[in-house]
K.L.:
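Structure provided below as structure tokens; questions to follow.
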Amino acid sequence: MIEMPELPEVETIVRGLRDVLCGKTIAGVEIREEMIIGYPEDPEEFREGLLERKITAMGRRGKYLILELNSNLQLIIHLRMTGKLLLKMREEEIESHTHVILRFKEGVDLRFNNVRKFGRMYLIDRDSPEKAGGFAGLGPEPLSSEFSPEVFRKILKRSGRAIKALLLDQKKIAGLGNIYADEALYRASIHPARPADELSREEMDKLYQSIDQVLKAGIKFSGTSFSDYVNALGEAGSFQERLMVYGRDGEKCPRCSCQINKDRIASRSTHYCPECQELP
DNA sequence: CGAGGTACCTGACAGC
DNA sequence: TGCTGTCAGGTACCTC
């Protein structure tokens, strides 16, 4: 199981759940913590809306999971900081911090588990994405063809904000979080506090490539797990072993051997090498 | 529009 | 041991 998911972790979760859940019908919904339900406002409406619905497909957009249901409905899930989706047999003991349980006719449970209760579930009509939090306002999907180097440069040129803040802004680019933003900036040798519109064209293109590479590598290694969890398929993510700067403050930079810094930039803890990622 | 702060909530960990 | 303060991978909302 994976905690605190960014794009690669959510993608890993979707891949692990898709084959198991597609075609299954929701026979019961247990809401143990109402604040998790983001839409409809009435949790009972959420519960009744899900009953007898079949999951027809699963996908992802940014850090949101999408469960396609019949009757033109979508169940949109955002795990925020500590959310997990656990696939369990109905008779298995319910873990603490389990807030919503979808029970399938086939005897399987999908359990939404979330220590900090920041995560949300939205049941919406497919044509009303604006009801699912920031879902409708997401920027381009970084691993899709719509996200070209040209599109990326335009986004950066329109803003004088710190590049790190821009990378974390889901309205600009969907799916990057604090880990992968730091890792992408390190790979591109760009200081996180640099104003976005002051990067050279070469730096912008290098950062574009770094984002692509770090996200694909994250997916390849099934995401980053900081605890000894496994995903729905029983696989543990291992990308934490390949992080270059995140969580490695005080250690030596793999490139130049000077000490990795941890500072507060764009109101977030930010890891970088002061030597390779110099301010001009 | 953006920056910066607060809020949401709980647990882990460091320091005393 | 236990108290206190700080921190955590995310986002929404507020004010300036």
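In what follows, every chain begins at residue 1, and chains take the letters A, B, ... in the order their sequences are listed. What you are looking at is a predicted structure, and each value in this text was computed from that prediction instead of being measured.
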K.L.:
Across all strands, who's sitting opposite dC9(B) as a Watson-Crick or G-U wobble pair, both distances under 3.5 Å?
P.N.:
none
K.L.:
Tell me the interatomic distance from Leu243(A), atom CG, to dG9(C), atom C1', rounded to whole angstroms.
P.N.:
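Distance check: Leu243(A) CG to dG9(C) C1' gives 11 Å.
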K.L.:
Arg158(A) near the nucleic acid: base, sugar-phosphate alone, or nothing, with a heavy-atom cut-off under 4.0 Å?
P.N.:
nothing
K.L.:
Between Arg187(A) and Glu183(A) (salt bridge meaning N to carboxylate O under 4.0 Å), is one present in this structure?
P.N.:
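Glu183(A) and Arg187(A): not salt-bridged.
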K.L.:
Starting at atom NZ of Lys262(A), determine the distance to atom P of dT6(C), rounded to an integer number of angstrom.
P.N.:
14 Å
K.L.:
Any chance the rings of Phe147(A) and Phe152(A) have centres within less than 6.0 Å?
P.N.:
yes
K.L.:
So does Asp182(A) pair up with Arg268(A), basic N to acidic O under 4.0 Å?
P.N.:
no
K.L.:
Using atom P of each nucleotide, how far apart are dC7(C) and dG5(B) to the nearest Å?
P.N.:
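dC7(C) and dG5(B) have their P atoms separated by 13 Å.
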K.L.:
Please measure how far the P atom in dG5(C) lies from the corresponding atom in dT6(B), and state the result in whole Å.
P.N.:
16 Å
K.L.:
Find the distance Arg268(A):CZ to dT6(C):C1' and express it as a whole number of Å.
P.N.:
16 Å
K.L.:
Stepwise, does the salt bridge (charged side-chain N to carboxylate O under 4.0 Å, His left out) test hold for Arg201(A) with Glu203(A)?
P.N.:
CA-CA 5 Å; Arg201(A) 177 180 169 135; Glu203(A) 287 173 322; over 6 Å; no
K.L.:
From the 5' end of DNA chain B to its 3' end, which nucleotides mark the outer limits of contact with chain A, defined by a 4.0 Å heavy-atom distance cut-off (strictly under)?
P.N.:
dG2(B) to dG11(B)
K.L.:
Under a 3.5 Å cut-off for both contacts, is dG9(C) paired Watson-Crick or G-U wobble with anything, and if yes, with which nucleotide?
P.N.:
none
K.L.:
Establish, from distance only, whether the side-chain atoms of Asp263(A) and Tyr272(A) form a donor-acceptor pair under 3.5 Å.
P.N.:
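There is such a pair (donor and acceptor under 3.5 Å, judged by atom type) between the side chains of Asp263(A) and Tyr272(A).
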K.L.:
Map His271(A) and Gly134(A) onto DNA chain C by nearest heavy atom, then report which one ends up closer to the 5' terminus.
P.N.:
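Comparing both residues, the 5'-ward one is His271(A).
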K.L.:
Measure from CG on Asp182(A) to P on dG9(C) and round the result to the nearest Å.
P.N.:
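Going from Asp182(A) (CG) to dG9(C) (P), I get 9 Å.
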K.L.:
What does Arg161(A) touch in the nucleic acid at a heavy-atom separation under 4.0 angstrom: a base, only the sugar-phosphate, or nothing?
P.N.:
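Sugar-phosphate contact only.
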K.L.:
Please give, in whole Å, the distance from dG9(C) C1' to Met81(A) CE?
P.N.:
6 Å
K.L.:
Does either side chain, that of Asn114(A) or that of His99(A), offer a donor lying less than 3.5 Å from an acceptor on the other one?
P.N.:
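No, no side-chain donor-acceptor pair sits under 3.5 Å.
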K.L.:
Take Gly133(A) and Arg116(A), find for each the nucleotide of DNA chain C with the closest heavy atom, and name the residue whose nucleotide sits nearer the 5' end.
P.N.:
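By nearest-heavy-atom nucleotide position, the 5'-most residue is Arg116(A).
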K.L.:
Looking only at side-chain N and O atoms, does Tyr246(A) come under 4.0 Å of OP1 or OP2 in dG9(C)?
P.N.:
yes
K.L.:
CD of Gln240(A) versus P of dA8(C): gap in Å, rounded?
P.N.:
18 Å
K.L.:
Less than 6.0 Å separating the ring centroids of Phe239(A) and Tyr180(A)?
P.N.:
yes
